[in-house]
Amino acid sequence: MSASDNPNKHPLSVYNTLGGEKQRFVPRDPQRVTMYVCGPTVYNLAHIGNARPVVVFDVLFRLLRHLYPEVVYARNITDIDDKIIAAAQAGERSIDAVTDEFTAKYREDMAALNTLRPSLEPHATHNIEAMIELTETLVEKGHAYESAGHVLFAVQSMPDYGKLSGRSLEDMLAGARVEVADYKRYPGDFVLWKPAADNEPGWDSPWGRGRPGWHLECSAMIRAHLGDSIDIHGGGRDLIFPHHENEIAQSRCSHDGDFVHYWMHNAYLDMDGEKMSKSLGNVKTVRELLQHYRGEVLRFALLSAHYRSPLNFSGELLGQAESALGSLYNTLRDVRHIDVDPEAVELAGEAAFQALCDDLNTPGAISELHALARQLHKSQTPVEQAWLKARLLALGGLLGLLQQDPEAWMQGGVDDDGLDAAAIEEKIAARARAKKDKDFALADAIRAELLAEGVVLEDSREGTQWRRA
RNA sequence: GGCUCGGUGGCAGAGUGGUUAUGCAGCGGACUGCAACUCCGUAUACGCCGGUUCGAUUCCGACCCGAGCCUCCA
């Protein structure tokens, strides 16, 4: 039974890079959906661009969990790589010290964006044996060869190599930017296994002490942890070629099965209209941004555009995200005393849910959140308010948004300096007395004083409440 | 050069062969002691040129502009 066969579910469509079109999602096993997303190379802090696929596929993970009984989501930790070795040597530290530090920081940063931990986080170095086995199989089957201590994949041995990225071998070499190593039989061949220098980490193998090539770990770990075939494989657009193309080559030439059914790729982030790059000096780490914006604001900003569109990540975007998110929390604050059960909401009929089922249309879903908020403001009856609040929370939860205490959200911020709540309440009380005495000059002075501290007052019949601007 | 994807109002960003996207900011009004919040209303749009069509921002073609990839970058 697929989701589409269940009247209580809504069909999910995703854009499949393989085929270049939106397709109905049909899992191979509706009881157990499998998803793999390329994770970090742990040698430095994650930047906000790295966070986009993490947040996007987190939404997909949440959505799939609503649609299917079990979802196994694996995201690898690449803890062996040239850049890690370089970082360790530069810092005169051990490899482990580097990878442990940045694995921990990666988890902290992604948690701050309210992303769920994947079901599995396989480490490359824990799966070396599987990589060696995979390489041996490829050699046995005539798809790989040993040369000068390297083992290389022979791309010409695979008839439809290049299918994912939509290019032929001739096309790929036409650009002629390929630096041809003399140990390659064919310029497009790529490394499965390479020799390790004495001062580099290495593992014993049939080809001597060495370490894996870049693409190998994903193929080996997918097979080891998820099986020969999986439903969804995700990552950034830039990985389509060569990384994912080569994963396909490794996996399909070594074992039966079609490896991945749905390939999903997110577009890049720009920084103030320019590509984020180290040479431009405009790389922003998640950690840096968290100094100035709350994680949920960053998450909201990342979800404000469709994942396949480039998103210009600017201070203005973040300001808008903060305002928009604040208005939603403000709505929830007004009904904070109404108890609801978001679990009871049947999502299938919700427009926001349907938007997400249409290839993760997060901007569409967010607009529906605003529509619910507007209805909530206008509603006068507690029953209706409870119903709307439950829906807003349920749908927000699907996006990983709006799950914090609204009062705390409105009164909180990233800065710890400024007036504390008790001092603010005290001034509000003083202002209330002034208002009662019709001393509006004093009341306004107090309000202006608080505003200067970044505190905005909102009067109502029930009294005065405050929030941080 | 090859392959791929885009160009929507001040900004961000959906979507559609004919009907208000939405948000942020702006303007007008209601509410308020005045504000804020909220509500109501409102201006600004679909790169350019052709074609198909009763009708195109939406389909087709050309053009201009931009982006990504072309061996280790999300």
Side-chain angles (χ1 to χ4, degrees), chain A residues 17 20 37-41 46-54 56-57 78 81-83 155 162 165-168 170-181 184 187-191 213-215 234-243 245-246 265-270 273-278 300-301 304-306 308-314 316-328 330-331 333-334 355 358 361-371 373-374 377-378 410 435 438 440-441 443-444 447-448 451 456-461 464-467 469:
Chain A
T17 305
V37 174
C38 288
T41 300
H47 59 67
I48 189 66
N50 295 314
R52 169 121 98 151
V54 179
V56 163
F57 291 106
T78 298
D81 174 270
D82 289 352
K83 289 189 292 268
V155 296
S165 51
R167 59 187 88 198
S168 64
E170 299 78 63
D171 289 342
M172 280 181 256
L173 298 179
R177 263 171 54 184
V178 179
E179 195 179 316
V180 183
K184 288 185 181 181
D189 292 351
F190 60 90
V191 172
W214 177 36
H215 317 296
R237 283 190 73 88
D238 55 314
L239 296 177
I240 295 172
F241 189 89
H243 185 53
E245 196 72 73
N246 291 349
H265 294 98
N266 62 276
Y268 262 51
L269 237 46
D270 290 334
E274 287 184 303
K275 181 182 175 175
M276 185 162 46
S277 75
K278 284 176 185 155
F300 190 97
S304 68
H306 185 84
R308 283 190 286 112
S309 296
L311 172 62
N312 186 23
F313 208 81
S314 62
E316 192 168 3
L317 175 73
L318 289 167
Q320 292 181 3
E322 198 150 47
S323 297
L325 192 55
S327 81
L328 292 173
N330 190 39
T331 306
R333 183 192 208 185
D334 289 345
D358 181 13
N361 186 348
T362 53
I366 288 171
S367 79
E368 295 298 334
L369 256 35
H370 286 295
R374 197 180 320 112
H377 276 303
K378 289 161 82 167
M410 299 306 288
K435 281 177 65 173
K438 304 281 184 208
F440 295 119
D444 289 353
R447 185 171 63 198
L451 186 59
V456 179
L457 300 188
E458 294 172 6
D459 292 340
S460 73
R461 254 174 304 177
T464 298
Q465 62 180 9
W466 61 274
R467 64 183 162 86

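Protein chains get the first letters and strands the later ones, always in sequence-line order, with residue 1 at the start of each. These numbers were taken from a predicted model, which means no experiment stands behind them.
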Ring-plane angle category for A:Phe300 and A:His370, please: parallel below 30°, perpendicular beyond 60°, tilted otherwise.
perpendicular

Would you mind telling me which of A:Leu239, A:Asn246, A:Ile240 makes a side chain to side chain contact (heavy atoms under 4.5 Å, CB included) with A:Pro242?
A:Asn246

Using the [atom1] atom on both, measure [N] against [M] and round to a whole Å.
N     : M     : atom1 : result
B:U16 : B:U8  : C1'   : 12 Å
B:A25 : B:U38 : P     : 9 Å
B:A12 : B:A21 : C1'   : 13 Å
B:A43 : B:U53 : P     : 34 Å
B:U58 : B:C3  : C1'   : 26 Å
B:G68 : B:G15 : P     : 23 Å
B:U22 : B:A14 : C1'   : 7 Å
B:U20 : B:U44 : P     : 14 Å

Under a 4.5 Å cut-off applied to non-hydrogen side-chain atoms, are A:Ser367 and A:Leu369 in contact?
no

Between A:Pro40 and A:Asn50, is there a side-chain heavy-atom distance shorter than 4.5 Å?
no

Separation of A:Thr17 OG1 from A:Phe241 CZ (nearest 0.5 Å)
15.0 Å

At what distance, to the nearest 0.5 angstrom, does CG of A:Asp444 lie from CZ of A:Arg447?
4.5 Å

In dot-bracket notation, what is the pairing pattern of RNA chain B, taking Watson-Crick (N1-N3 plus N6-O4 or O6-N4) and G-U wobble (N1-O2 and O6-N3) contacts under 3.5 Å, with [ ] crossing and | for other strands?
(((((((..(((.....[...))).(((((.......)))))....(.(((..]....))).))))))))....

Write down the atom of [X], the atom of [Y], and the distance for their closest heavy-atom approach.
X        : Y        : answer
A:Glu458 : A:Arg333 : OE1-NH1, 4.4 Å
A:Ala365 : A:Ala355 : N-CB, 3.7 Å
A:His243 : A:His215 : ND1-ND1, 2.9 Å

Give a yes or no on whether the backbone of A:Tyr268 and the side-chain of A:Arg237 come within a donor-acceptor separation of less than 3.5 Å.
no

Backbone N/O of A:Leu311 and side chain of A:Asp270: donor-acceptor pair under 3.5 Å
no

Distance check needed: B:U71 P versus A:Ile240 CD1, whole Å only.
15 Å

Roughly how many Å is it from NE2 in A:His243 to C1' in B:G68, rounded to a whole number?
18 Å

Pick out the pairs of N or O atoms, protein on one side and nucleotides 72-74 of chain B on the other, that lie under 3.5 Å.
unit_1 : atom_1 : unit_2   : atom_2 : d
B:C73  : OP2    : A:Lys83  : NZ     : 2.1
B:A74  : O4'    : A:Asn50  : OD1    : 3.3
B:A74  : O2'    : A:Gly236 : N      : 2.5
B:A74  : N1     : A:Leu269 : N      : 2.9
B:A74  : N3     : A:Gly49  : O      : 3.0

Would you sort out whether A:Gln465 and A:Asp334 count as a side chain to side chain contact (heavy atoms under 4.5 Å, CB included), showing the intermediate values?
CA-CA 10 Å; A:Gln465 62 180 9; A:Asp334 289 345; 4.1 Å; yes

What does nucleotides 8-15 of chain B look like as a protein-contact string, B for base, S for sugar-phosphate only, - for none, at under 4.0 angstrom between heavy atoms?
---BSSSS

Heavy atoms under 4.0 Å is the rule here; annotate nucleotides 31-42 of chain B 5' to 3' with B where the base is hit, S where only the sugar-phosphate is, and - elsewhere.
--BBBBSSSS--

For A:Thr464, the side chain to side chain contact (heavy atoms under 4.5 Å, CB included) test, sequence neighbours excluded, returns A:Ile428, A:Arg431, A:Leu457, A:Asp459

Please identify each residue that fulfils side chain to side chain contact (heavy atoms under 4.5 Å, CB included) with A:Thr331, with sequence neighbours left out.
A:Ala373, A:Leu376, A:His377

